[in-house]
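None of these values were measured; they are calculated from a predicted model. Heavy-atom basis, side chains included; hydrogens, waters and symmetry copies ignored.
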Amino acid sequence: MKIYKVKVNGKVYEVELESVSENNATISAPAAAPATTASAPVSNGAATILAPIAGKVLDIKVKVGDFVKKGQVVAIIEAMKLENEIPASAEGKVVEVKVSKGSAVNNKDVLIVLG
């Protein structure tokens, strides 16, 4: 086994690789670690609006204190030269906006917290 460091989108990851040959028929892999996001933990009972795709935040349509309805567009993310409108997944008051205009987000990153 060899450990390599890989830099992807400015973030460094450690990758462990195992050398295999044609005679080696079995490959064992360690259990996958749970996916993590760059954002801080969210308090229990709060609804979150997650990024459905990785991309760049073009606009945030709400601010802390605003009340949003389910389906209301709260942000726009550019991915693969397309603008994607991000709707609110629930109804509630905006408690926290975790991203800013121009920031890069990954799939499933928390964008907005509703209370």
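Of all heavy-atom pairs between Ala51 and Asn107, the closest is O-OD1, 3.2 Å. Shown here for Val74 and Ala88, the closest heavy-atom pair between the two residues is CG1-CB, 4.0 Å. When every heavy atom of Val62 is checked against every heavy atom of Gln72, the shortest pair comes out as CG1-NE2, 4.2 Å. In this structure, Pro87 and Gly71 approach most closely via the heavy-atom pair CB-O, 3.6 Å.
Partner Ser89 forms a side chain to side chain contact (heavy atoms under 4.5 Å, CB included) with one of Thr48, Ile49, Leu50, Leu114 and no other, that one being Ile49. Checking each of Val105, Val99, Asp59, Asp109 against Ile77 for a side chain to side chain contact (heavy atoms under 4.5 Å, CB included) leaves exactly one that passes, namely Val105.
Residue pairs meeting the salt bridge (charged side-chain N to carboxylate O under 4.0 Å, His left out) criterion with at least one partner in residues 64-88, sequence neighbours excluded, are Lys63-Asp66.
Cluster annotation: Val8 is connected to Val15 through the hydrophobic network of ILVMFWY side chains, with a link wherever side-chain heavy atoms come within less than 4.5 Å. No continuous path of hydrophobic side-chain contacts links Val110 to Val73 [ILVMFWY only; heavy atoms under 4.5 Å].
Considering only heavy atoms from C-beta on, Asn84 stays 4.5 Å or farther from Ile76 through its side chain. The shortest side-chain heavy-atom distance between Ile112 and Val94 falls under the 4.5 Å cut-off. A heavy-atom distance below 4.5 Å is not found between the side chains of Ser100 and Ile60.
Lys2 pairs by the side-chain contact (heavy atoms from CB on, under 4.5 Å) definition with Tyr4, not counting sequence neighbours.
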**Request:** Go through the steps to decide whether Leu111 and Ile86 satisfy the test side chain to side chain contact (heavy atoms under 4.5 Å, CB included), and finish with yes or no.
**Result:** CA-CA 10 Å; Leu111 301 175; Ile86 311 305; 4.0 Å; yes
